[in-house]
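First the structure, in the form of structure tokens, and then the observations on it.
Proteins come first, then strands; the chains are lettered A, B, ... in the order of their sequence lines, and each starts at number 1.
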2 protein chains.
Amino acid sequence: MARRPKKPPMTKESLLPRLAAHVLAHGLGQASLRPLARAAGTSDRMLIYHFGTKEALIIDLLQHLAGIYAAQLDNLLAADRPASRQALLARILAHNADPAMAPFLTLWWEIVAGAARDLPGFRAAARAMVDRLHAWLVGHMPAGDPDPDGGASYLLTLIEGSLMLGALGQGDRARAGLLAAGLIAP
Amino acid sequence: MARRPKKPPMTKESLLPRLAAHVLAHGLGQASLRPLARAAGTSDRMLIYHFGTKEALIIDLLQHLAGIYAAQLDNLLAADRPASRQALLARILAHNADPAMAPFLTLWWEIVAGAARDLPGFRAAARAMVDRLHAWLVGHMPAGDPDPDGGASYLLTLIEGSLMLGALGQGDRARAGLLAAGLIAP
DNA sequence: CAGCCTATGTAGCATTCGCTACATTAACCT
DNA sequence: AGGTTAATGTAGCGAATGCTACATAGGCTG
């Protein structure tokens with residue numbers, strides 16, 4: 001058959017959310033066209049038709065994921081401003097500890113690995129997400145902070161280090177480090 | 001043919017260094033039996049013969065890589081003890097900035113990604129390496145440091161965060177953060 | 001010397017991979 | 001109405017995948 005009579009035609013934009021759901025559940029490394037297509041309710045044939053290439057699909061998908069992350073940050077308690085760097089750090093750590101974030105974090109390290117190897121699209125997406133988090137941190141630094149930009153970079157480094165240790169199941173150690181530095185409450 | 005007359009028979013131990021060299025150069029994700037075998041001067045047939053399964057091979061290989069990392073740390077300026085946490089941090093950051101470490105770091109993020117997804121062998125290897133680094137840090141904390149263990153955890157978190165940002169080409173930002181925190185010299 | 005056993009080569013198998021060729025049909029345009 | 005085109009299905013291709021079956025040559029042990 002051909003053009004579906006009632007169903008609106010599929011577009012990249014309509015496909016990307018379902019593709020994103022699939023890689024969030026199963027990872028980027030194992031993502032091959034046929035399973036991706038099944039998850040999106042279409043065929044490998046159509047994925048190539050819409051995206052041209054698997055590589056192009058992955059690039060688009062990574063940008064889409066970066067957009068999802070940005071939207072999440074935007075929705076994250078944008079109103080009030082924490083009173084201290086410690087409070088800000090606690091807030092972002094709590095957000096990352098939310099179980100709903102787990103699939104995203106698992107995927108995050110795959111994106112970092114791709115960025116480290118400079119696979120096409122990975123570094124751009126990873127940078128977009130890190131830049132966004134940095135900007136969020138700058139915008140949420142306590143009023144009167146002497147060095148919002150540098151402080152945000154400092155917190156960012158600590159956050160990413162904590163997340164990495166958390167990915168290994170060593171969140172305890174990260175917490176111990178932050179505690180020893182007086183950055184979180186016991 | 002069969003048993004090589006003069007050449008000693010291949011063992012896991014003789015194969016692992018060459019397999020490690022291959023994954024350091026080309027990554028774990030793309031590592032399939034035939035290329036691995038070519039790099040080790042043997043055949044896929046023999047890899048399965050010696051390791052039983054690709055999965056078992058990867059597990060052995062990850063342990064081997066953890067051993068390489070441990071040996072590197074042991075050789076790393078074990079003698080003198082830095083005078084401050086700052087000096088210790090500077091030393092380990094310099095070590096990681098060594099171009100010779102680049103392939104290892106690229107691979108590291110792949111290991112972290114596998115650990116985050118709990119692929120067999122990955123979390124154990126990643127933990128072994130992180131534990132080793134933590135122990136090294138504890139053993140090299142300045143004399144009289146009030147909290148060597150907590151301090152080492154703090155430095156570890158910062159180091160891993162810095163490495164991650166470095167993997168994205170954002171080492172500048174990590175440096176800015178450490179500078180703002182007074183942890184490195186300008 | 002007669003076996004046995006270990007290490008190896010050769011061929012292949014079923015599956016999956018990304019991608020393509022070709023056909024077909026519904027919607028749109030003149 | 002008739003032609004064009006966008007969107008899709010069906011089949012398949014060549015390569016790569018992990019792994020297996022079978023054969024066999026050499027060393028070791030009796």
Rounded interatomic separation in angstrom, taking [atom1] from [X] and [atom2] from [N]:
X	N	atom1	atom2	value
A/Lys54	C/dG18	NZ	P	4 Å
B/Ile58	D/dT17	CD1	C1'	14 Å
A/Leu47	D/dT8	CG	C1'	13 Å
A/Leu57	C/dC19	CG	C1'	13 Å
A/Ile48	D/dG9	CD1	C1'	16 Å
B/Tyr49	D/dA23	OH	P	18 Å
A/Leu33	D/dG12	CG	P	20 Å
A/Gln30	C/dG18	CD	P	11 Å

Requested in this report: Could you list the residues that satisfy side-chain contact (heavy atoms from CB on, under 4.5 Å) with B/Ala25, not counting sequence neighbours?
Outcome: none
**Report entry** Geometric class of the B/Trp109/A/Trp109 ring pair [parallel <30°, tilted 30-60°, perpendicular >60°]
**Finding:** parallel
Which nucleotide, [options], lies nearest any side-chain atom of [X]?
X	options	result
B/Met46	D/dC19, C/dC19, C/dA7	C/dA7
B/Arg34	C/dG12, C/dT8, D/dG9	C/dG12
B/Arg45	D/dG18, D/dC22, D/dT17	D/dC22

Requested in this report: Mind checking the CD1-CG spacing from B/Ile111 to B/Leu119? Nearest 0.5 Å is all I need.
Outcome: 11.5 Å
Report yes if at least one side-chain N or O of [X] is closer than 4.0 Å to OP1 or OP2 of [N]; otherwise report no.
X	N	value
A/Ser32	C/dT16	no
B/His50	C/dT8	yes
B/Ser43	C/dG9	yes

Query raised in the report: Does a side-chain heavy-atom distance below 4.5 Å link B/Leu28 with B/Phe122?
Result: yes
Query raised in the report: Is there side-chain contact between A/Met141 and A/Asp149, with at least one heavy-atom pair below 4.5 Å?
Result: no
Requested in this report: Please confirm whether any donor atom in the side chain of A/Asp44 sits under 3.5 Å from an acceptor in the base of C/dC19, or the reverse.
Outcome: yes
Query raised in the report: Reckon A/Thr42 touches a base, only the sugar-phosphate, or nothing at all at heavy-atom distances under 4.0 Å?
Result: nothing
